[in-house]
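Have a look at the structure below, then the notes.
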Amino acid sequence: QVEFVESGGGLVKPGGSLRLSCAASGRAFNADTLAWYRQTPGKQREWVARVPPSGRIYYIPSVKGRFTVSREDAKNAVFLQMDNLTPDDTGTYFCNTWAPTNSWGQGTQVVVSS
């Protein structure tokens, strides 16, 4: 049974930083491209960053240069370092595969507000 558990969110001021963690379980994900998604009320869930087992890492333009995604396959973990946060980064953040499974976690809430 595939499961994703996100953590690390919180309330931060603009310009602040957060490091999100994702623990995946149920199987190994070393062969999968992993991704972070976020969702705000009234909007579709959007992908934010994706990291393949090897090769190019992609970010949506609005976070490029501010967010850094990384993975530790030995621990089935993926991370998202978020720096210089803005209010537009507010949302609930989820991890999953790039071609997402149906096993969405609860997400971790990020609120960027002064």
Minimum side-chain heavy-atom gap Thr33-Pro53 below 4.5 Å: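 In contact.
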Any side-chain heavy atom of Thr97 sitting closer than 4.5 Å to one from Leu34?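 A side-chain contact exists here, since the closest heavy-atom pair is under 4.5 Å.
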Consider only side-chain N and O atoms of Asn96 and Thr101, and report whether a donor and an acceptor are under 3.5 Å apart.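 Side-chain D/A pair, Asn96 to Thr101: present.
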Only pairs at least two apart or in different chains count here, so list each ring pair (Phe, Tyr, Trp, His ring centres under 6.0 Å) that has a residue in [range].
{"range": "residues 12-33", "result": "Phe4-Phe29"}
{"range": "residues 95-114", "result": "Tyr37-Trp104, Trp47-Trp98, Phe94-Trp104"}
{"range": "residues 53-90", "result": "none"}

Any salt bridge (charged side-chain N to carboxylate O under 4.0 Å, His left out) involving residues 88-112? Give me the pairs, sequence neighbours left out, ordered by first then second residue.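 Salt bridge (charged side-chain N to carboxylate O under 4.0 Å, His left out) check on residues 88-112 returns Arg38-Asp89, Arg66-Asp89.
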Going by salt bridge (charged side-chain N to carboxylate O under 4.0 Å, His left out), name the pairs with one or both residues in residues 5-34, residues two or more places apart or in two chains.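 Those involving residues 5-34 are Arg27-Asp32.
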Could you see if [X] belongs to whatever hydrophobic cluster contains [Y]? Use Ile, Leu, Val, Met, Phe, Trp, Tyr and a side-chain cutoff under 4.5 Å.
{"X": "Val51", "Y": "Val2", "value": "yes"}
{"X": "Leu80", "Y": "Ile57", "value": "yes"}
{"X": "Val69", "Y": "Ile60", "value": "yes"}
{"X": "Val5", "Y": "Val78", "value": "no"}

Is there a donor-acceptor contact under 3.5 Å from the side chain of Thr90 to the main chain of Val112?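 Indeed, once roles are kept as given, a pair shorter than 3.5 Å links the two residues.
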When rounded to the nearest 0.5 angstrom, what distance separates [atom1] in [X] from [atom2] in [Y]?
{"X": "Trp36", "Y": "Cys22", "atom1": "CH2", "atom2": "SG", "result": "5.0 Å"}
{"X": "Asn30", "Y": "Asn76", "atom1": "CG", "atom2": "CG", "result": "7.5 Å"}
{"X": "Ser17", "Y": "Asn84", "atom1": "OG", "atom2": "CG", "result": "7.5 Å"}
{"X": "Thr68", "Y": "Met82", "atom1": "OG1", "atom2": "CE", "result": "11.0 Å"}

Which residues satisfy the salt bridge (Lys or Arg N to Asp or Glu O under 4.0 Å) test with Arg71, sequence neighbours excluded?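 With sequence neighbours excluded, Arg71 shows a salt bridge (Lys or Arg N to Asp or Glu O under 4.0 Å) to Asp73, given in chain and number order.
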Tell me, yes or no, whether the heavy-atom count around Gln106 atom CD, taken from other residues, nucleotides or ligands under 6.0 Å, exceeds 12.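 No, the 6.0 Å shell around CD holds no more than 12 heavy atoms from other groups.
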